[in-house]
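Notes for the one structure printed next.
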There are 2 protein chains.
Amino acid sequence: MTRVGGRAGGGAPRGVDVARLAGVSQKTVSRVLNGERYVSEDVRRRVLEAAGELGYRLNSAARALASGRTRSIGVVTLGTALYGPASLLIGIERAARDAGYALRVVNTLEGDPGGVAGAVESLLEQGVDGILVSEPIDEGPVSLSVDVPVLVLGAPAAFGGARTMTRGVGAERLARTATEHLLDLGHATVHHLAGPQRWFAARDRLEGWRGALAARGIAPPAVLHGDWSAASGYAVGRELAAHRDCTAVFAANDDMAIGVVRALTEAGLRVPDDISVVGFDDIPVAAYVTPPLTTVRQPFDAVAREGLRLLVRAIEDPEADLPPAYDPPVDLVVRASTAPPPRGARPPAPPLARPRGDTAAG
Amino acid sequence: MTRVGGRAGGGAPRGVDVARLAGVSQKTVSRVLNGERYVSEDVRRRVLEAAGELGYRLNSAARALASGRTRSIGVVTLGTALYGPASLLIGIERAARDAGYALRVVNTLEGDPGGVAGAVESLLEQGVDGILVSEPIDEGPVSLSVDVPVLVLGAPAAFGGARTMTRGVGAERLARTATEHLLDLGHATVHHLAGPQRWFAARDRLEGWRGALAARGIAPPAVLHGDWSAASGYAVGRELAAHRDCTAVFAANDDMAIGVVRALTEAGLRVPDDISVVGFDDIPVAAYVTPPLTTVRQPFDAVAREGLRLLVRAIEDPEADLPPAYDPPVDLVVRASTAPPPRGARPPAPPLARPRGDTAAG
DNA sequence: CTGAAAGCGCTAACAT
DNA sequence: ATGTTAGCGCTTTCAG
C-alpha cells in the first residue's frame with residue numbers, strides 16, 4: 001500500500017512533509033499552525049488540509065528547543081488524597097488547560113528528602129515556563145534559585161527567590177467565620193482542633209480562630225492537635241468528652257470533625273445539644289454524616305483560577321505588576337452539628353458509655 | 001562581578017560550557033551525565049565538578065528532540081476529587097518517579113467533548129513515551145491511533161489501538177467479597193446500590209455482586225442506581241427504608257453507603273440491627289462515621305505500581321511479551337455496619353420518623 | 001576510553 | 001503575504 005504524500009522513512013510526519021504536500025514552505029506551515037497573521041485564506045486551508053491528511057502534529061520538543069518556551073506549568077503538590085489538595089489540583093489542571101498550558105506534576109511526600117526544593121529542581125529539569133507550589137508544608141526557609149516565575153499558594157513568604165510570589169487561599173477568613181458562627185450561637189468560647197502546624201494551611205486556620213476570639217476579648221483555650229485524620233479527631237474527641245468546659249469545637253478539617261463527633265457520641269454526649277462541632281472544607285459526605293456537619297466550604301476553583309491567572313501573567317509579561325490579591329468569597333454551610341450551648345452546665349460524659357458495642361477502630 | 005567560567009551571554013549554561021570548564025568535549029559531558037560506561041573516574045569527577053559549579057542542568061527539550069524520547073508518561077484521569085481516582089493518581093505519580101519518568105496529566109471532565117480521545121491527542125502533542133488511562137468512563141468505542149504504548153486501567157478492551165493494553169484493578173473480586181460477607185452473615189439476598197454505569201469501575205462492582213449471588217443460586221434483586229455521591233445514596237436509602245424485604249445493601253462506594261445509612265437512620269431503622277450496609281473503598285472517615293462502616297479497601301498503590309511497570313516495560317522493550325495479570329489482594333474491613341439479619345421480619349420503617357429535626361440537605 | 005560531525009524539527013530574524 | 005537562513009542543545013554515529 002502506497003501512502004500518498006507520506007513520509008518516506010516511516011516516522012512521524014514533519015513540517016516539511018506538510019509543506020511539500022501543500023506546496024508551500026515549511027515556515028508557512030509553522031505560521032498556519034501557530035495562528036499567526038498574514039496568511040492568505042487559501043494557503044491556510046491548503047496547509048490544514050495537508051496536515052490533516054498526514055496526521056501531522058507539531059513536535060513540542062523541537063518547538064521548545066527553538067523558542068525557549070515549553071507552554072507548560074509545573075505543579076508541586078503534596079502526595080495525599082486529602083480532599084483539599086486533590087480539589088485544588090483539579091482546579092489548577094482545568095485552569096491551566098484553559099490558558100493553553102500543559103501540566104507537569106510532582107508530588108512531595110511528607111518527610112521527603114529534598115522536599116519542595118527537590119521537586120522544583122525536577123520540574124526545572126523537565127522544562128516548565130512557571131511553577132505553582134500548592135499549599136506546601138513548612139520545611140524551614142527554602143531558597144529557590146530559579147529563572148522562571150514561581151507562585152506559592154497558601155504559604156506566606158516562606159520561600160525565597162527572585163521571581164517568587166505568594167498568594168493566600170483565604171483560609172484564615174473562613175476559619176474566623178466558622179469560629180464566629182459558634183460564638184454567635186452563644187458559646188462562651190470555642191476550642192480548636194488544629195492540623196499539623198508544619199502545614200501552612202493549618203496555621204492559617206489557627207490564626208483565623210485566634211483572631212475571632214481575640215476580636216471579642218476571649219482568651220483562647222489550649223489548642224488541640226490532630227493530623228487531619230478522623231482517627232486523630234477521634235482521639236481528641238475522647239479527651240474533650242471529659243472536659244466539662246467545652247461546648248464548642250472548631251476542627252481544622254471535616255475528617256477530624258467527624259472523628260470528634262464519633263468520640264463524643266460514643267461517650268454518650270449529644271451533638272449539637274451538648275457540644276457543637278464545626279468542620280472545614282465541606283467534603284462531599286459532610287451533609288450525610290450524623291449529625292450533618294456544619295462546615296465552611298473552600299472555593300478551590302476560584303483560588304486555582306486566580307492563582308493560575310497570576311502565574312500566566314508573570315510568565316507572559318514579566319514586567320507587568322501584579323494584580324491585587326483576590327479575596328475569595330466566604331461560604332459557611334450551617335447544618336445540624338451546631339446549636340446554642342446547653343442551658344446550665346454541660347452534662348458530664350457518662351463513664352465509658354458506648355452505644356451498642358460499635359467500635360471505631362478499623 | 002565576573003562569573004568564572006560562566007556563559008558569556010547570560011542564559012542557562014550548556015553542555016559545551018561545562019565541557020570547556022572541565023577541559024573535555026561536549027560529548028563526554030553528555031556521557032557522564034547520562035551515566036554511560038567507559039568514562040575514566042578522573043574525567044567523570046571533573047565533569048561533575050564543573051557542572052555543579054555552573055549550576056548546569058540538561059535541557060530536556062534538546063534531549064527529547066535528539067533522542068526521540070521524552071522520559072515522560074502521560075496520564076488521562078477523571079477530573080474528580082473522588083477518593084478512588086485521586087488515590088490512584090498519587091500512586092501513579094510515585095511509581096512513575098521511581099521509574100525515572102516525569103508525569104504529564106490531563107483530566108477529562110465528565111461530558112467533555114472529545115473525552116479520552118481528545119486527552120490522548122493532547123498528550124501526544126506534548127510528547128510522551130507512553131500513556132496511562134486511569135479508570136475511564138465508557139464513551140462508546142474509542143479508537144486510538146497512537147504510536148506509543150497505551151495502558152488502560154480498569155476498562156476491559158473498550159479502547160482500540162495497536163499498542164493498547166488493558167488491566168483490571170481487581171474491583172470485581174472485591175465486590176464479590178463484600179457481597180459474600182453479607183451472605184455469610186445469613187442475609188437471604190443483598191441489594192446493590194450501583195455507581196453510574198458509564199463508569200467501568202461501577203460495572204465491575206455490579207458484576208462482582210451479581211457473580212456472588214449467582215454462585216449461590218440467588219436471583220439478583222433490582223439494581224439501585226446512584227451517582228457516587230452521598231446525596232444519591234441518601235435518596236436511595238429513603239426508598240429502601242420502605243422496602244421490607246431488604247436487610248442488606250452493598251453500595252458501590254463509601255460515600256453512597258454513608259448516604260444510605262443516613263437515610264435509614266432518619267427513617268428510624270437501625271444499622272446494622274435492621275439493615276446491614278457495606279461500602280467500597282475504605283475512605284479515611286469510614287471508620288469514624290456512625291456506625292463505623294464495613295467496606296473493602298482498594299489496593300491503589302499496588303495497582304498503580306503494577307500498571308506503571310507494565311507500561312514502562314512496553315516503552316522500553318516493545319518486543320517483550322506482557323507479564324501475566326497481577327491479582328491484587330482482597331482486603332475486607334469488617335466494622336460495625338454489618339450484622340446478621342434481624343430474626344423474624346424486619347420492622348417496617350416508622351412513617352416519617354426523624355430524629356431531633358436534623359436535616360441532611362446542605 | 002574520548003572526540004568530531006551531523007542532525008533531531010522547529011522558531012526567530014531577516015529578506016523579499 | 002511568503003520564503004531563506006541559521007541556530008536552539010542535545011544524542012547518534014562514526015573515528016580514532
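Each chain gets a letter, A, B and so on, in the order the sequences are listed, and its residues count up from 1.
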Is it true that A/Arg69 and A/Asp129 make a salt bridge, defined as a side-chain N closer than 4.0 Å to a carboxylate O?
-> yes
Closest approach of B/Gly154 to B/Phe200 (non-hydrogen atoms, all atoms of both residues) = O-CB, 3.2 Å
What residues in residues 24-44 of chain B put a non-hydrogen atom under 4.0 Å from any atom of DNA chain D?
-> B/Gln26, B/Lys27, B/Ser30, B/Asn34
Send over the distance from A/Leu65 CG to D/dC10 P, rounded to a whole Å.
-> 9 Å
For the pair made of CG in B/Asn59 and P in D/dG7, what is the distance, rounded to whole Å?
-> 18 Å
Close side-chain approach of B/Arg63 to B/Asn59, heavy-atom, < 4.5 Å = no
Partner set under side chain to side chain contact (heavy atoms under 4.5 Å, CB included) for A/Asp321, not counting sequence neighbours = none
Please name all residues satisfying side chain to side chain contact (heavy atoms under 4.5 Å, CB included) with B/Glu319, sequence neighbours left out, ordered by chain then number.
-> B/Asp317
Take the protein atom CZ of A/Arg63 and the nucleotide atom P of D/dG9, then report the distance between them rounded to whole Å.
-> 18 Å
Can you tell me if B/Thr77 and B/Asn107 form a side-chain donor-acceptor pair at under 3.5 Å?
-> no
side-chain N/O A/Arg14 vs C/dG9 OP1/OP2, d < 4.0 Å = yes
Between P of D/dG9 and CZ of A/Arg69, the distance in whole Å = 17 Å
Rounded off to whole Å, could you give me the CZ-to-P distance for the A/Arg45 and D/dA1 pair?
-> 17 Å
